[in-house]
Amino acid sequence: MSNIESVLNETRVFPPPEAMVKQANVSGMAAYKAMCDEAERDFEGFWARLARENLLWSKPFTKTLDESGAPFYKWFHDGELNASYNCLDRHLKTQPDKVAIIFEADDGKVTKVTYKELYHRVCQFANGLKSLGIKQGERVLVYMPMSIEAVVAMQACARIGATHSVVFGGFSAKSLQERIIDAGAIAVICADGQFRGGKEIPLKPAVDEALAMGGCESIRDVVVYKRSGSPVAMNAPRDKWWHDVTQGQAQDCEPTWVNAEHPLFILYTSGSTGKPKGVQHSTGGFLLQAMLTMKWVFDYKPTDVFWCTADVGWVTGHTYIAYGPLAVGATEVVFEGVPTYPDAGRFWKMIQDHKVNVFYTAPTAIRSLIKAGGDLPKKYDLSSLRILGTVGEPINPEAWMWYHETVGGSRCPIVDTWWQTETGGHMITPLPGVTPLVPGSCTLALPGIMAAIVDETGQDVPNGQGGLLVIKRPWPSMIRTIWGDPERYKKSYFPEELGGKLYLAGDGSLRDKETGYFRIVGRIDDVLNVSGHRLGTMEIESALVANSRLVAEAAVVGRPDDMTGEAVVAFVVLKGHRPTGDEAKALAKELRDWVAKEIGPIAKPKEIRFGDNLPKTRSGKIMRRLLRAIARGEEITQDISTLENPAILDQLKQTL
Ligand code: PRX
């Protein structure tokens, strides 16, 4: 913990523009404080009021929070609702012809669907899923490109009470297989392929490969949306085309009313062990936070065009593409491609073309766009923008300033939103009409979110001192359990060392002495954040070691990287001799490709170094902190007297 200290000494402060404060849904600090006070005074009453005001219940709840099974908390649990009904049906009378989704394909083709059309498409597909015999509570794996159909697939599952588990299209067949098995999925919804950056990337072959690996016998159906039109193998009767499944289906589908605690989705994310965790979310609590944060943090206005650039394969794409924007009735942009194609002005051109008002992206995208064309935003009319957002990792003040000035014309507040797959929605973030901004700080917790910083024993630490970020009270959109592994849920998030009652976020943080603003310093566990994506070092180690032909042992650590935030460095001991020169380069390439196949290209080590051994203590424990220092090119100042094989350090210092 001693190394958790302020890495920034930022003194610039940007108060919210007067005009923004006046019109904001949460207007001014006093309004924010009043909500925080309400939550302090009457915690359950606060959440009950919001849940009643925002969600449509088929059966109203009578009990707000059930803590009897803590830390397995239940919210609104005798109430019933349907997420898809809350996102679509509620708008049918009020705004059927409003555009719900503006879809821009990789090649620039734009397709729009209204709320009424989206409703019909979801209903038809939901009826199609029902015709396949898919039932409430069954798990459906979604492996789709960014598309209207990806949203339709998720909403259709929600409509019939099936639990979706979306797997990012960049994950490999092996990752897909592991998730199918862990979730016990009974169907896969995928596309033949997708287009990104002018290239066609196949998807269906990865599904075939995953299912051929074995263990996936639970899968009864594979529904394939025709996107690329390239020939794919269709394995009858298992595989069916999306258009055949929807053919002739009714355009209305009575929603399946589910309990508020019904699992809306499972989303896999990395933790400190080799096995990804299936984060299980609820229906009522999740949807509530999605709606509230659309209103509070993105200051949703009915005339807004909202654009979240995340992929639906990540939690950001769940909360701020598939559910939140639709629940509040927004018009949102969904983009298939990449920010640098056909050139690094793509985002800015799209903001101009679609008159985007609220734009939400990742610091890593901002940094890469600065590098690829820092002046490009000036070529476009970005005057429609009123709020900018970031998520996924701390934003460095230089990137923040560029985003603020060059993209936002110095007039748009930036909401630096801290949250996680497990939290379901924003937790610590500025509000655009409330919070004076400090570059690099996610500022203050939302009303009702009891965030704090504690030491290793769970005691509060004073402002200015680093510690562990925790949430002291449950909140509606929190993770409910790790699918199939409640013990791991308890151990990971409510550890006994902290008293068993605090939610441990896994981030190191500190609060400013005067303002109490939070700053996130980085993960405290073996999880890396590469381009805003969470990667477990153990996961990459297991992937490397799974190459039993080549690899004897491997250790993976992170090091800071200007572009991706952190980069993966792998230290590998091969079976046989330690390679050098061209042989080492060829083997490093082979292993990088291997990791891409085992997990996905995002997990590829940036650097691989070979040694005859890894630095170990006499008891055989790998000394990772030494490897971290080596990966960073730092002098080794640590005590190495317990090291069994000090000579190995010189070998590992050598780059290829
Ligand atoms: O370390 C924090 C970082 O991303 C982690 C959560 O990753 P994931 O579950 O993949 O969700 C990302 C999208 C919500 C956190 O534990 N993180 C996320 N947002 C921020 C952040 N770090 C600093 N500032 C943020 N705004």
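In listed order, ligands and their atoms are each counted from 1.
- The pair K275-D485 does not count as a salt bridge, with every side-chain nitrogen at least 4.0 angstrom from each carboxylate oxygen.
- Taking the ring centroids of Y320 and F306, they lie at or beyond the 6.0 Å cut-off.
- Given atom 13 (C) of ligand 1, the protein heavy atom at minimum distance is T316 OG1, 3.5 Å.
- Between F286 and Y323, the angle of the ring planes goes over 60°, which puts this pair in the perpendicular group of the 30/60° scheme.
- Among protein heavy atoms, the minimum distance from atom 16 (O) of ligand 1 is reached at D507 OD2, 2.7 Å.
- Residue T417 has at least one nitrogen or oxygen atom sitting less than 3.5 Å from a nitrogen or oxygen atom of ligand 1, judged on distance alone.
- Only the side chain of R523 comes within contact range of ligand 1, with a heavy atom under 4.0 Å; no backbone atom does.
- Contacts with ligand 1 closer than 4.0 Å are made by heavy atoms of both the backbone and the side chain of P394.
- Ranking the protein heavy atoms by distance from atom 9 (O) of ligand 1 puts T421 OG1, 2.5 Å first.
- The backbone and the side chain of Q420 each have at least one atom closer than 4.0 Å to an atom of ligand 1 (non-hydrogen atoms only).
- The closest approach between G506 and ligand 1 stays at or above 4.0 Å for every heavy atom of the residue.
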_Before you tell me yes or no, could you show the steps for S531 and I602 under side-chain contact (heavy atoms from CB on, under 4.5 Å), namely the whole-Å CA-CA distance, both residues' side-chain angles and the distance that decides it to 0.1 Å?_
CA-CA 9 Å; S531 298; I602 50 165; over 6 Å; no
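- In terms of polar-atom proximity, defined here as any N/O pair under 3.5 Å, G392 does make such a contact with ligand 1.
- Backbone and side-chain nitrogen or oxygen atoms of R534 are examined, and one is located within less than 3.5 angstrom of a nitrogen or oxygen of ligand 1.
- For ligand 1, the atoms sitting less than 4.0 Å from at least one non-hydrogen atom of N529 are 3 (C), 4 (O), numbered in the order shown with element in parentheses.
- Checked against R559 for a salt bridge (Lys or Arg N to Asp or Glu O under 4.0 Å), the options E566, E634, E607 give a single hit: E607.
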